[in-house]
Protein chains: 2
Amino acid sequence: MAKKDKLSERQQNILHYVWEYMTSNSRPPTIREIGEAVKISSTSVVNYNLTKLVDKGLLERQAEVSRGLRLTDKALHFIGQVPKAVSGLINVPLMGDIVASEPLEVGDTSGLYDPIEISASMLPDRVKSEDLFALRVNGDSMIDAMVSEGDIVVMKRQSEARNGDMVAVWLTPDDTTTLKYFYNEGEKVRLQPANPTMDPIYVSPASVQVQGKVVMVMRQTA
Amino acid sequence: MAKKDKLSERQQNILHYVWEYMTSNSRPPTIREIGEAVKISSTSVVNYNLTKLVDKGLLERQAEVSRGLRLTDKALHFIGQVPKAVSGLINVPLMGDIVASEPLEVGDTSGLYDPIEISASMLPDRVKSEDLFALRVNGDSMIDAMVSEGDIVVMKRQSEARNGDMVAVWLTPDDTTTLKYFYNEGEKVRLQPANPTMDPIYVSPASVQVQGKVVMVMRQTA
DNA sequence: TCATACCACGAACAATTGTTCCATGTCAAA
DNA sequence: TTTGACATGGAACAATTGTTCGTGGTATGA
């Protein structure tokens with residue numbers, strides 16, 4: 001880690017230039033190209049600042065390789081304000097499996113699985129990508145929610161639900177997690193399966209713990 | 001245009017290698033790297049084949065520039081990969097509704113609906129985006145395929161299926177369209193519902209018309 | 001057979017490009 | 001002021017990398 005994450009103006013310029021160059025040329029620039037663009041006459045100064053950027057975790061370099069540059073995720077985040085906003089893609093971390101017999105695990109399993117990529121245009125406007133996570137359905141336990149084995153459920157972290165939301169709930173009496181449409185009807189909470197041929201169940205509000213709201217379900221079949 | 005679009009095996013290898021190298025290193029390879037990967041001892045031979053590829057419109061080169069390579073759309077098409085380099089997003093046209101009582105409509109309804117945006121990384125590598133289209137599920141008729149009303153089915157145009165594929169089939173005796181897993185068992189074709197609690201149906205190969213392969217199913221619940 | 005086009009090889013050359021060294025400048029703390 | 005960390009500049013060097021040239025092989029067709 002660097003002492004301070006503050007970047008000099010030159011380093012910011014370099015970062016921006018590298019980004020622009022790469023997006024338009026689909027290859028990284030050379031040291032001299034950077035120097036010219038950022039008005040640095042000496043290659044050694046460019047080199048110096050590049051190593052600084054590496055220290056700060058914004059850049060990766062491959063020694064002795066021409067154009068051996070690569071922007072890290074951190075750099076993308078730093079540059080484009082929102083790296084995904086540029087491309088319209090949202091990265092949703094795949095946190096693990098969803099099992100009927102356990103509450104949702106929210107442990108930090110980042111890196112364990114490849115993140116899911118979703119087009120921002122496919123999501124409701126209001127969700128923030130930070131609140132999103134994804135789970136893979138494990139067995140056939142979610143059949144009544146029209147969700148089958150291997151499906152990926154994209155969820156939004158929240159502990160309360162509005163009527164009509166599809167949510168993941170933890171039922172304390174049964175010790176089970178299920179996906180259901182949620183309707184609070186005062187006395188009781190009605191949990192409606194997505195499968196129209198199946199009947200709803202009624203439980204007391206105290207025995208329902210909303211774990212998150214289901215934003216999207218996707219199934220890859222090929 | 002080149003006299004013949006036929007590529008020598010070496011040229012195909014080069015194309016593949018360049019693509020792989022670029023996707024994993026986010027920069028083009030050098031001539032010598034190509035040579036080593038494709039087992040060409042001389043840089044001039046690599047150079048020779050590169051100019052050939054340029055002539056055939058599969059490659060663009062920038063002279064005197066290290067790693068001055070770029071794959072054209074044609075090349076990506078040739079390799080059989082989705083051109084994800086563009087933005088990572090693929091636009092899939094939403095062609096209309098899928099109804100149980102009709103074959104798939106393939107009419108040109110472009111512009112009628114907003115296209116679906118899918119991350120290329122969520123699709124199998126080999127699909128070409130031109131072959132993809134999407135349909136919205138109309139009623140509850142696809143329940144046995146674990147697909148419910150409003151779901152969006154992304155399909156790949158094709159008239160034949162391999163065993164295990166989930167396909168949309170038109171059953172001529174019943175005059176219905178359904179989504180099923182396809183297994184050709186010689187005498188009969190077994191159509192297996194995605195819902196494991198339901199039984200397969202067996203029909204004669206003559207009475208099945210494969211309309212397309214289901215690549216993905218997505219459901220927006222919020 | 002000869003001619004021609006196509007493809008391949010190796011080597012040398014020239015340009016590009018990363019690396020290093022030394023000197024200088026700036027600025028804040030001691 | 002002096003010190004030291006940090007930043008900059010210029011130049012030379014060394015490695016990487018694109019280019020070119022001469023040679024030779026293998027088909028196909030005249």
Side-chain angles (χ1 to χ4, degrees), chain A residues 1-18 20-22 24-72, chain B residues 1-18 20-22 24-72:
Chain A
M1 279 303 130
K3 345 224 147 163
K4 37 179 182 177
D5 267 5
K6 196 82 187 73
L7 295 189
S8 77
E9 191 174 330
R10 273 192 163 170
Q11 285 157 16
Q12 295 189 32
N13 288 340
I14 291 180
L15 229 45
H16 270 97
Y17 176 70
V18 171
E20 280 177 20
Y21 189 101
M22 287 189 70
S24 65
N25 299 64
S26 68
R27 69 167 175 265
T30 68
I31 286 187
R32 283 175 179 80
E33 284 169 332
I34 295 175
E36 192 176 353
V38 195
K39 307 245 186 310
I40 299 180
S41 61
S42 172
T43 59
S44 68
V45 177
V46 178
N47 187 60
Y48 171 80
N49 284 289
L50 286 181
T51 43
K52 285 296 170 191
L53 287 171
V54 172
D55 288 345
K56 295 175 185 174
L58 296 165
L59 221 53
E60 289 173 13
R61 288 184 80 185
Q62 206 162 335
E64 314 250 327
V65 167
S66 75
R67 307 175 190 274
L69 289 179
R70 172 179 294 179
L71 293 173
T72 65
Chain B
M1 276 302 127
K3 347 226 147 161
K4 37 180 182 178
D5 267 5
K6 196 80 187 75
L7 296 189
S8 76
E9 191 175 330
R10 275 191 161 169
Q11 286 157 14
Q12 294 189 32
N13 289 340
I14 290 180
L15 228 45
H16 270 95
Y17 176 70
V18 171
E20 278 177 23
Y21 189 100
M22 289 189 68
S24 65
N25 298 68
S26 68
R27 70 167 174 265
T30 67
I31 287 189
R32 282 175 179 79
E33 284 170 331
I34 296 175
E36 192 175 351
V38 195
K39 306 243 186 312
I40 299 181
S41 62
S42 172
T43 57
S44 67
V45 178
V46 178
N47 187 59
Y48 169 81
N49 284 289
L50 286 181
T51 40
K52 284 297 170 191
L53 287 171
V54 172
D55 288 345
K56 295 175 184 174
L58 296 166
L59 219 54
E60 290 173 14
R61 289 185 80 186
Q62 204 162 338
E64 316 248 326
V65 168
S66 76
R67 305 174 191 276
L69 289 179
R70 172 179 295 180
L71 292 174
T72 65

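First the proteins, then the strands, lettered A, B, ... as listed; each starts at 1.
Residue B:Glu60 places its CD atom among more than 12 non-hydrogen atoms of other residues, nucleotides or ligands, all under 6.0 Å distant.
Dashed line: the shortest gap from a side-chain N or O of A:Arg67 to OP1 or OP2 of D:dG18 is not under 4.0 Å. OP1 or OP2 of D:dG10 sits under 4.0 Å from a side-chain N or O of A:Ser41. Side-chain N/O atoms of A:Arg10 include none lying less than 4.0 angstrom from OP1 or OP2 on D:dC6.
Remark: the A:Arg67 side chain and the B:Asn25 side chain contain no N/O donor-acceptor pair separated by less than 3.5 Å.
In this entry the distance linking CD of A:Gln62 with P of C:dG18 reads 12 Å, nearest Å. Atom CZ in B:Arg61 sits roughly 14 Å away from atom P in D:dT17 (whole-Å rounding). In this structure, CG of A:Leu50 is placed 11 Å from C1' of C:dG18, rounded to the nearest angstrom. Atoms CD (A:Gln11) and P (D:dC6) sit 12 Å apart, rounded to a whole Å. For B:Leu69 and D:dT17, the CG to C1' distance is 12 Å, given to the nearest whole Å.
Atom CG in A:Leu69 sits 8.5 Å away from atom CZ in B:Arg27 (nearest 0.5 Å). A:Ser42 OG to A:Arg32 CZ: the interatomic distance, rounded to the nearest 0.5 Å, is 9.0 Å.
Residues A:Tyr48 and A:Ser44 both approach DNA chain D. Their nearest nucleotides, taken by heavy-atom distance, put A:Tyr48 toward the 5′ side.
For A:Ser42 and D:dG10, a side-chain-to-base donor-acceptor distance below 3.5 Å is present, hydrogens and geometry of angles not being considered. Not a single donor-acceptor contact under 3.5 angstrom links the side-chain atoms of A:Thr43 to the base of C:dT17.
Of all the heavy atoms in B:Thr72 and B:Leu59, the pair that sits closest is CG2-N, 3.8 Å. For the residue pair A:Ile34 and A:Tyr17, the shortest heavy atom distance occurs at CA-CE2, 3.7 Å.
Listed for the B:Thr43 side chain is no donor-acceptor partner under 3.5 Å among the backbone atoms of B:Ile31.
Sorted by residue number, the members of residues 27-40 of chain B with any non-hydrogen atom under 4.0 Å from DNA chain C read B:Ile40.
Across D:dT8, C:dC21, C:dT17, the shortest atom-to-atom separation from the side chain of A:Ser66 is found for C:dT17. Of all nucleotides listed (C:dA15, C:dG10, C:dA12), C:dA15 comes nearest to the side chain of B:Glu64. Closest approach to the A:Asn47 side chain among C:dA11, C:dT19, D:dG9 is made by C:dT19 (side chain taken as heavy atoms from C-beta onward).
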